[in-house]
Amino acid sequence: MSALIPKTFLITGVSSGLGRAFAEGALDAGHAVVGTVRNPKDADAFAALAPGRAHPLLLDVTHLDAIPAAVADAERRAGSVDVLVNNAGYGHEGVLEESSIDDLQRQFAANVFGPVAMMKAVLPGMRERRRGHIVNITSMGGFITMPGISFYCGSKFALEGISEALGKEVAPFGIQRKWRRSAFM
């Protein structure tokens with residue numbers, strides 16, 4: 001049996017749900033986790049999970065210009081990112097005809113542009129170290145469609161395609177791309 005080599009995880013959206021569960025699992029396994037939250041109350045609660053290993057990071061992934069500095073801050077506080085888990089996002093509900101272009105832009109900002117910006121921020125370090133893992137959380141809305149959530153499905157299809165192409169681009173550098181489909185939307 002080999003000893004655990006602690007890793008640094010950067011997980012978006014750790015205030016609740018899957019992101020919180022991923023963070024708790026990584027912390028329980030002895031890893032350090034930098035978790036993004038959007039408000040200070042959630043930051044305090046996250047830090048209390050494992051003082052010294054649970055590092056909250058105030059960040060809304062739709063604020064694309066803030067991501068490079070936030071990732072640099074995360075690495076200063078917790079070390080180089082070994083595992084990025086792009087979990088933050090939401091599902092816009094509404095038929096296409098009645099949903100606005102602004103709704104579509106907000107959906108893609110959270111579910112596509114934010115994750116891509118996060119990947120772009122961690123990839124140079126992973127490539128330099130010739131190792132790392134990127135896990136993009138998608139859903140069944142990324143491989144089948146359902147009426148009433150066309151914008152959500154479009155964003156998850158986009159993240160699926162980007163993830164698959166990225167995996168082929170970074171494989172020669174020892175970086176593994178994974179994605180997880182959840183049954184949840």
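As the structure is a computational prediction, the values presented were derived from the model and not from experiment.
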Over all atoms of both residues, closest heavy-atom pair of Met140 and Met146: CE-SD, 3.9 Å
Asn39 atom CG, neighbour heavy-atom count above 12 within 6.0 Å: yes
Expected output: side-chain Thr12 to main-chain Asn87 donor-acceptor under 3.5 Å: yes
Test item: Glu93 side-chain N/O and Gly148 main-chain N/O as donor-acceptor pair under 3.5 Å: no
Any side-chain heavy-atom pair of Pro124 and Arg127 under 4.5 Å: yes
Exam field: side chain Arg38 to backbone Gly13, donor-acceptor pair closer than 3.5 Å: no
Distance, nearest 0.5 Å, that separates CG of Asn86 from CD1 of Ile11: 10.5 Å
Closest heavy-atom pair and its distance - Phe108, Ala158: CE2-CB, 4.0 Å
Spacing of Ser163 atom OG and Ile137 atom CD1 [to the nearest 0.5 Å]: 9.5 Å
Minimum-distance pair of heavy atoms, taken over all atoms of Pro68 and Ala121: CA-CB, 4.4 Å
Tyr90 versus Tyr152, closest heavy-atom pair with distance: O-CD1, 3.5 Å
Cluster overlap Ile144 with Phe157, hydrophobic side-chain contacts below 4.5 Å: no
Salt bridge (Lys or Arg N to Asp or Glu O under 4.0 Å): pairs with one or both residues in residues 94-104, sequence neighbours excluded: Asp103-Arg106
Nearest-0.5 Å distance that lies between atom CG in Leu123 and atom CZ in Phe173: 9.5 Å
Exercise: identify the closest heavy-atom pair between Lys156 and Asn111: CE-ND2, 3.8 Å
Under 3.5 Å donor-acceptor, Gln107 side chain and Phe151 backbone: no
Separation of Phe9 CZ from Arg53 CZ (nearest 0.5 Å): 11.0 Å
Pairwise salt bridge (Lys or Arg N to Asp or Glu O under 4.0 Å) hits with a residue in residues 77-90, at least two apart: Asp73-Arg77, Asp82-Arg131
Side-chain donor/acceptor of Thr8 to backbone N/O of Ala78, under 3.5 Å: yes
Separation of Thr36 OG1 from Ile67 CD1 (nearest 0.5 Å): 9.0 Å
Atom pairs and distances, donor-acceptor, side-chain atoms in residues 22-31, under 3.5 Å, two or more places apart:
residue : atom : partner : partner atom : Å
Glu24   : OE2  : Arg20   : NE           : 3.3
His31   : ND1  : Lys7    : N            : 2.9

Val34, Val71, Val33, Val14 screened by side chain to side chain contact (heavy atoms under 4.5 Å, CB included) with Leu57, the one that passes: Val34
Distance-minimising heavy-atom pair for Val37 and Ser15: CG1-OG, 3.4 Å
Spacing of Glu160 atom CD and Cys153 atom SG [to the nearest 0.5 Å]: 11.0 Å
Identified side chain to side chain contact (heavy atoms under 4.5 Å, CB included) counterpart of Ile175 within the set Val170, Leu84, Leu166: Val170
